[in-house]
Amino acid sequence: MKESLQKRTHRLLSSNHLQAKKKYGQNYLTDANVIERIVDTSQVDESTTVIEIGPGLGALTQKLLEKSKQVIAYEIDATLIPVLNREFSESPHFILKHQDILKTSIDEDLKALGLTKQDPIVVVANLPYYITTPILTKLLEESTMINRYTLMAQYEVARRLTADTNTKDYNALSVFMHYKTTPSFAFKVSKNVFMPPPNVDSAIITLTTKKPPKIENEAFFLDFVQRAFKQKRKTLANNISAGYNVDKARVNALLEAEGFATNIRAEGIDVKGFIKLSEAFYTTLYVTHET
Ligand code: SAM
């Protein structure tokens, strides 16, 4: 009979004298059905290059290797490297990098492997929860080669990453996701399918990358969105007026000129609206017109 994932996880941990490390967010998946659903959701096929962040003991990696062209896995924990190398020693399509994903130049690594923007490249990962947002922000800002992300995140975070306007979860991070990708909530995952179980439930999301709309001043747009959500109960006019130390009447006039109600809150504005407003605001306040 085939060994269960639970047994495999116990066996690999004890035979290698390992314990799940909290500091690296190690919660191992031990449910074959959930892994199957993740791989189905990721839509990988024999032409796909998969980047896996945090392969751990390789539970998800196994399935990804069966379905894809190759798996490039980034693992920070030195003690897992020999275990993974042994587990996948017969797999020529497994490329293991003992590296912190936050200190990696993904596109350079991909190019060094001969990959180009034309190749189907996706990320599939059960992310370490303590750094979900930094990882996503870094990859979405830096990489132009990744087509799609299929990710496990904490349930609450997954809701925010994929939230639409006028929902309680919609925040600055949601706007950023809609700016860079088409985000979608896939399914909820019980905390009981992990070893050790985390404190909260999780969920799978997908992010399909897209060419972001052109923005004159992207840094200002991102800052504007942050400040707009500073105090969620307040109107956008109040947050922006306080955030940039600008008279509220001026902010109201600008909102009206751009076709927004003066009492609108940040949660009612989609990414297009934010781009429009931040550009208008930047031009009015900071760009001096020479005569
Ligand atoms: N993929 C495995 C699974 O599903 O059972 C393990 C997932 S576990 C939630 C997260 C993994 O990410 C761990 O293996 C951990 O060591 C690794 N990790 C944590 N921080 C990392 C980092 N900065 N760069 C690369 N891997 C990291």
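Counting starts at 1 for both ligands and their atoms, in listed order. Computation of the quantities below employed the complete heavy-atom set of this structure, encompassing side-chain atoms and omitting hydrogens, waters and symmetry-equivalent molecules. The structure presented is a predicted model; accordingly, all values stated were derived computationally and were not measured. Heads up: numbering here begins at 1 and tracks the sequence.
Within the 4.0 Å heavy-atom criterion, neither part of Leu60 lies near ligand 1. With a 4.0 Å cut-off on non-hydrogen atoms, Tyr74 touches ligand 1 through its backbone and not its side chain. Of all the heavy atoms of Leu127, the ones lying under 4.0 Å from any atom of ligand 1 belong exclusively to the backbone.
Among protein heavy atoms, atom 6 (C) of ligand 1 sits closest to Gly54 O, 3.4 Å.
Taking every non-hydrogen atom of Leu29 and a distance limit under 4.0 Å, the qualifying atoms of ligand 1 come out as 3 (C), 4 (O), 5 (O). Less than 4.0 angstrom separates some heavy atom of Asp100 from each of these atoms of ligand 1: 22 (C), 23 (N), 24 (N). The atoms of ligand 1 that sit less than 4.0 Å from any heavy atom of Gln99 are 24 (N), 25 (C).
Judged by the 6.0 Å and 45° rule, Arg37 forms a cation-pi pair with Phe187.
Any N or O atom pair closer than 3.5 Å counts here, and Asp77 shares no such pair with ligand 1.
For atom 15 (C) of ligand 1, the candidate residues are Tyr28, Tyr24, Phe194; the nearest heavy-atom contact is made by Tyr24.
In this structure, Tyr28 has its ring center no closer than 6.0 Å to that of Phe194.
Residue Tyr129 places no heavy atom under 4.0 Å from ligand 1.
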